[in-house]
Number of protein chains: 2
Amino acid sequence: MKTTRNTTAKTAVLEVFEKSKTALSHAEIQKQLNDVCDRVTIYRILDRLVNDDIVHKISNLDGTVKYAKCNHSHQRVHIHNHAHFSCENCHEITCLDTVKPSYIMPHNYKVNEINFTLSGLCPKCLNSNI
Amino acid sequence: MKTTRNTTAKTAVLEVFEKSKTALSHAEIQKQLNDVCDRVTIYRILDRLVNDDIVHKISNLDGTVKYAKCNHSHQRVHIHNHAHFSCENCHEITCLDTVKPSYIMPHNYKVNEINFTLSGLCPKCLNSNI
DNA sequence: TATTATTTGCAACAATGTTGCGATAAAATT
DNA sequence: AATTTTATCGCAACATTGTTGCAAATAATA
Ligand SMILES: [Zn+2]
Ligand SMILES: [Zn+2]
Ligand SMILES: [Zn+2]
Ligand SMILES: [Zn+2]
């Protein structure tokens, strides 16, 4: 099952995630990597990390895509049911691990996955009242 | 405030929305329009319709962007707080006007907008059990 | 060290969206 | 109805994001 290799590029990407408190886009990762590897390689590494449940992919309201390290990879059943916050000011995306929405669905739908994203002002930007 | 003009292209786009029960992508709209106008014009019309609160924009898990006609444009306060359903089989996006998630936020966040998207199987695809 | 399968770089391509600008057409004014 | 004003359009060019094929490089293993 686990057949993905530990390459220098993959290690470098993981280090970038380790250093960051917020979710990162492909472009942001590339900038931090400083030509450690090709653009395409980053895409492929991210694909593998998502597949291996080490990282999860977040699609945002504005169409941007970001990735964040999972802090629940150890759990047997791996489900990304937490919410994400997207700051309108600093554009940072953070995982809200504790926020889980409750809702009532109409009949005849089978829900497999949910995506709950909230946007507004993050604590940092709220305090420096713009 | 209302300064957008009624052009033939805009009318054609609105007719396409009128005919559709589900949300539509730019590409889908373009196909239905049959060269009524340029690709760029459709983008600009959609921008205006979103601005005028006639249509709302939906960003999906898979990165695709779709648009749907608002059925609450008459309301004084115009907020898109309903959920959307994305079918994994037929890839149709439908507005779930009745589904509104409840949740508890950590302190120090100011929430302006929410996006709640559920994916799985729609009633149509669930019945034709694939 | 030799073997094998995964990963990488490169080039090329596709999809989606944006911008500038002169031409066109809708709406307001005369 | 003709004129003026200004939003809208078409076109071309560009930017960004993501994908694919294939030969070369590299990690895991035996
Ligand atoms: Zn912020
Ligand atoms: Zn997350
Ligand atoms: Zn379906
Ligand atoms: Zn909707």
Side-chain angles (χ1 to χ4, degrees), chain A residues 1-17 23-68 84 86 91-93 115 117, chain B residues 1-17 22-68 86 91-93 115 117:
Chain A
M1 193 118 280
K2 272 239 167 182
T3 44
T4 59
R5 293 181 180 175
N6 289 318
T7 65
T8 36
K10 182 181 164 187
T11 308
V13 169
L14 281 172
E15 268 170 24
V16 170
F17 275 116
L24 298 165
S25 67
H26 172 275
E28 289 165 341
I29 295 166
Q30 186 181 11
K31 190 179 283 179
Q32 289 201 47
L33 281 184
N34 244 83
D35 287 312
V36 165
C37 65
D38 193 69
R39 216 168 60 83
V40 179
T41 303
I42 300 173
Y43 279 114
R44 299 201 255 227
I45 288 171
L46 289 171
D47 282 349
R48 267 178 282 147
L49 291 176
V50 168
N51 246 287
D52 292 351
D53 287 332
I54 294 167
V55 154
H56 61 281
K57 189 177 179 176
I58 310 157
S59 297
N60 296 107
L61 280 173
D62 58 5
T64 60
V65 173
K66 298 212 173 186
Y67 299 84
H84 293 107
S86 167
H91 298 104
E92 282 186 357
I93 312 287
N115 177 310
T117 308
Chain B
M1 195 117 280
K2 272 239 168 183
T3 44
T4 58
R5 293 179 181 176
N6 290 317
T7 65
T8 36
K10 182 181 164 187
T11 309
V13 170
L14 281 172
E15 270 169 23
V16 169
F17 275 117
T22 58
L24 298 165
S25 68
H26 172 274
E28 288 165 339
I29 294 166
Q30 188 181 9
K31 191 179 282 180
Q32 289 201 46
L33 281 184
N34 244 80
D35 286 312
V36 165
C37 65
D38 192 70
R39 216 169 59 85
V40 179
T41 303
I42 300 173
Y43 279 113
R44 298 201 255 228
I45 288 171
L46 289 171
D47 282 348
R48 267 179 282 147
L49 291 176
V50 168
N51 248 286
D52 292 351
D53 286 332
I54 294 165
V55 154
H56 61 282
K57 188 176 179 176
I58 310 157
S59 297
N60 296 108
L61 280 175
D62 58 5
T64 60
V65 173
K66 298 212 174 189
Y67 298 84
S86 167
H91 297 104
E92 281 186 356
I93 312 287
N115 176 307
T117 308

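Because the structure is a prediction, the values reported are computed rather than measured.
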To the nearest angstrom, how far is B:I42 atom CD1 from D:dT8 atom P? 16 Å
A:S86 and A:N60: which non-hydrogen atoms are nearest, and at how many Å? CB-ND2, 4.4 Å
Within this structure, what is the CG-CD distance for the pair A:L33 and A:E15, rounded to the nearest 0.5 Å? 9.5 Å
Figure out the CG/P separation between A:D52 and C:dT6, and round it to whole Å. 13 Å
Compare all side-chain heavy atoms of B:V65 with those of B:K57 and state whether any distance is below 4.5 angstrom. yes
Rounded distance (nearest 0.5 Å) linking atom CG of A:L24 with atom CD1 of A:I58: 9.5 Å
Counting only heavy atoms and a strict 4.0 angstrom limit, can you tell me which residues of residues 28-37 of chain B come near DNA chain D? B:V36, B:C37
What string of B, S and - do you get for nucleotides 25-30 of chain C, 5' to 3', when a contact is any protein heavy atom under 4.0 Å? BBS---
Can you measure B:L46 atom CG to C:dT16 atom P for me and round it to whole angstrom units? 13 Å
Backbone of B:T7 reached by a side-chain donor or acceptor of B:T11 within 3.5 Å: yes
What's the separation between atom CD1 in B:I42 and atom SG in B:C37, rounded to the nearest 0.5 Å? 4.5 Å
Quick one: does A:L49's side chain get under 4.5 Å of A:Y67's, heavy atoms only? no
Between A:D52 and A:T4, is any side-chain donor less than 3.5 angstrom from a side-chain acceptor? yes
Taking side chain to side chain donor-acceptor pair (under 3.5 Å) as the cut-off, I'd like each qualifying pair that reaches into residues 36-51 of chain B, sequence neighbours left out, listed once. none
Rounding to the nearest 10°, end axes of the helix from C:dT1-D:dA30 to C:dT30-D:dA1 built from five pairs each make an angle of 30°
Where B:I45 and B:K10 come nearest, the two heavy atoms and their spacing: CD1-N, 3.6 Å
Nucleic acid footprint by protein, nucleotides 11-22 of chain D - heavy-atom cut-off 4.0 Å, B for base, S for sugar-phosphate alone: BB----BBBBB-
Side chains of A:I29 and A:L46: does their closest heavy-atom pair fall under 4.5 Å? yes
Nearest whole Å is fine: how far is C:dT7 C1' from A:I45 CD1? 9 Å
Please identify each residue that fulfils side chain to side chain contact (heavy atoms under 4.5 Å, CB included) with A:S25, with sequence neighbours left out. A:A27, A:E28, A:K66
Could you state the atom-to-atom distance from NZ of B:K10 to P of C:dT24 in whole Å? 23 Å
With the side chain counted from C-beta on, respond yes when A:L14 and A:I54 share a heavy-atom pair under 4.5 Å apart, and no when they do not. yes
